[in-house]
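Working notes for the structure below.
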Amino acid sequence: MELIEETPYRFRIDRHGEMRVPGVVFVSRTLLPHPDQDRSLDQVAQVATLPGIVSASYAMPDMHWGYGFPIGGVAATDVHADGVVSPGGVGFDISCGVRLLAADLDRHEFARVCDQVMNGLDRAIPRGVGRGAVWSLSGSDELDRVLRGGARYAVAQGHGVQRDLDRCEDGGAVADADPTQVSQRAVERGLGQVGSLGSGNHFLEVQAVEEVYDDQVASAFGLRPGQVCVMIHCGSRGLGHQICTDHVRVMEKAMTRYGIHVPDRQLACAPVSSPEAQAYLGAMAAAANYARANRQVLGEAAAAVFRAATGCGLDLVYDISHNLAKIEEHEVGGERRTLCVHRKGATRALPPGHRALPADLSAAGQPVLIPGSMGTASYVLAGVPGGGAFHSTCHGAGRVQSRHQAAKTVRANNLLRELGQQGIAVRGASRRGLVEEAPVAYKDVSEVVATAEGAGLCRTIARLRPLGVVKG
DNA sequence: ATGTCC
């Protein structure tokens, strides 16, 4: 497959075979996946064959191989021109995302209470595979209200304040959630997990604002140099996973009925207007609301720990998903069109003035939250004018080593010592989980962010460094 | 990512 270097931050894959549009990959030469180790460039080309896809099949600088679609992939289909929705374009962890909260506390003040806060978080934050949650729902009726209301329902139940909704994507809940399309098995898996991190790359970190690149925008976001923050990265747990599994199965069967051929079974899809697609989108929206409620109550639990140890609480900076499909209006070829925008390991990044932004963020643009790998920096970015890939940017560092590879090469004791030397307090759930997430298994998040900015997808507002990490 | 295989 031929790659054409258009700029230092942008490569093109010209249409060939069944591709309906070109591939556009926002990477530098060093971030370009190595075809021997990672087939995600092939996946970009395969996504370009989907019915109704418009403009291009895009990939962000943190791209790597994923189920069907690449992680870091963005693909939009025209809803009124046979466009499809594909669960593989969202991923198994539906509405996985990041919530950033800020304390009215300086990092030097945190040093005195670090042990107390970290021990408190260690007790308060459920994590690891299937080990409890902070919110005990009364039963499937209440789960239904979570699936419909997301963070709005959590706040209505006393788990938060209005600012939590103002600063959450979509005001805390997406519309059109359809809990009737969520299977009994998904409900059972979801009942006991609202308010839990899970495992893998999910975490809760205490961080400090290490550098601010734009004072005015950082201030609008509620961030200042030296400030202590809490970043939460998690998703929709077993519920989202089960929904993806259930609906992929349905779409695999439905595809032949709609006469859709895809080069990879993992690209199973259905026309957005079909009953199968509407069922998936309804269930996906329910999982998105579940994930928002999950992050809402985890943030509240962290705030309670901070309040007890320091006297100050935590204010929400923003909450944004990086695994979601959305029906959005975009201008394509001079025409206003209704698109189904899949973002999988890619973050929406709305420009200044966009009507979906809350009034106090309109001039600044939408905050974009980029979690680094364990022990490395995280970033706050902002959306920029121009559109790029339907107002999208990167979502994190991106793996370069498999979990298996990382576990073979990294020793837990060495890793813990290195983190300790950097002044990072660690409260992990398992040694295996820690070594799988070692920084060597990931790309350099600073280069990912610099590439995204160089490609005109966003701009850098602040860099955060970890002080303490709570891992699943 | 995930009751890491119903």
Side-chain angles (χ1 to χ4, degrees), chain A residues 38 40 43 62-73 86-99 126-133 137 143 182-204 232-250 252 266 268 280 283-284 286-288 290-292 294-295 298 320-325 342-347 371 373-374 395-408 428-438 441-442 471-472:
Chain A
D38 180 309
S40 57
Q43 293 188 312
D62 47 340
M63 69 182 295
H64 58 109
W65 184 89
Y67 178 90
F69 287 58
I71 293 164
S86 172
V90 172
F92 276 86
D93 194 2
I94 297 168
S95 206
C96 179
V98 182
R99 170 170 291 231
R127 57 202 189 273
V129 180
R131 287 202 220 163
L137 301 178
L143 179 65
V182 177
S183 69
Q184 191 53 39
R185 181 180 288 194
V187 166
E188 283 162 14
R189 292 180 69 172
L191 264 173
Q193 297 186 324
V194 188
S196 64
L197 282 180
S199 59
N201 64 357
H202 292 162
F203 65 74
L204 181 150
I232 297 169
H233 177 208
C234 64
S236 53
R237 305 294 329 275
L239 177 124
H241 191 277
Q242 190 63 48
I243 286 171
C244 183
T245 304
D246 293 340
H247 289 264
V248 162
R249 202 165 292 157
V250 170
E252 276 176 348
Q266 296 184 353
Y280 169 69
M284 181 207 71
Y290 183 95
R292 283 148 209 234
N294 188 21
R295 290 191 289 271
L298 283 170
I320 183 84
S321 167
H322 47 236
N323 283 4
L324 208 58
H342 303 72
R343 295 187 184 87
K344 177 190 192 179
T347 317
S373 53
M374 184 174 54
H395 88 302
R399 286 198 91 89
V400 281
Q401 271 186 32
S402 69
R403 300 190 169 280
H404 186 71
Q405 269 180 303
K408 265 197 311 191
S430 74
R431 294 167 81 81
R432 171 83 189 194
L434 287 174
V435 293
E436 285 181 353
E437 291 297 316
Y442 282 85
K471 281 293 292 183

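Note: hydrogens, waters and symmetry copies are ignored here, and every other heavy atom, side chains too, is used. Labels below follow one simple rule: chain letters A, B, ... track the order of the sequence lines, proteins then strands, and each chain is numbered from 1.
Per the geometry, OH belonging to A/Tyr67 stands 13 Å off C1' belonging to B/dT2, to the nearest Å. Taking atom CZ of residue A/Arg403 and atom P of nucleotide B/dT2, one finds them 9 Å apart after rounding to whole Å. The CZ-P distance, from A/Phe92 to B/dC5, rounds to 12 Å in whole Å. The separation between A/Asp246 atom CG and B/dT2 atom P is 16 Å, rounded to whole Å. Between A/His241 atom NE2 and B/dC6 atom C1' the separation is 14 Å, expressed in whole Å. The CZ-P distance, from A/Arg185 to B/dC5, rounds to 14 Å in whole Å. Remark: P of B/dT4 and CD of A/Gln242 are 12 Å apart, rounded to the nearest angstrom. Between the P atom of B/dT4 and the CD atom of A/Glu437 lies a distance of 18 Å, rounded to the nearest Å.
Between the CG atom of A/Leu143 and the OH atom of A/Tyr290 there is a distance of 6.5 Å, given to the nearest 0.5 Å.
A/Arg249 pairs by the salt bridge (charged side-chain N to carboxylate O under 4.0 Å, His left out) definition with nothing, not counting sequence neighbours. Contacts of A/Arg295 classified as salt bridge (charged side-chain N to carboxylate O under 4.0 Å, His left out), with partners at least two apart in sequence or in another chain: A/Asp319.
Put simply, A/Arg237 has a side-chain N or O that comes within less than 4.0 Å of OP1 or OP2 on B/dT2. OP1 or OP2 of B/dT2 has at least one side-chain nitrogen or oxygen of A/Ser199 nearer than 4.0 Å.
For the pair A/Arg249 and A/Arg399, both in contact range of DNA chain B, the more 5′-proximal nearest nucleotide belongs to A/Arg399.
When heavy atoms are screened at a 4.0 angstrom cut-off, A/Gly200 is found touching the sugar-phosphate backbone but no base atom. Residue contacts for A/Gly238: at a heavy-atom cut-off of 4.0 Å it reaches the sugar-phosphate backbone alone, with no base atom in range.
Classified by interplanar angle (parallel below 30°, tilted 30° to 60°, perpendicular above 60°), the ring pair A/His322/A/His233 is perpendicular.
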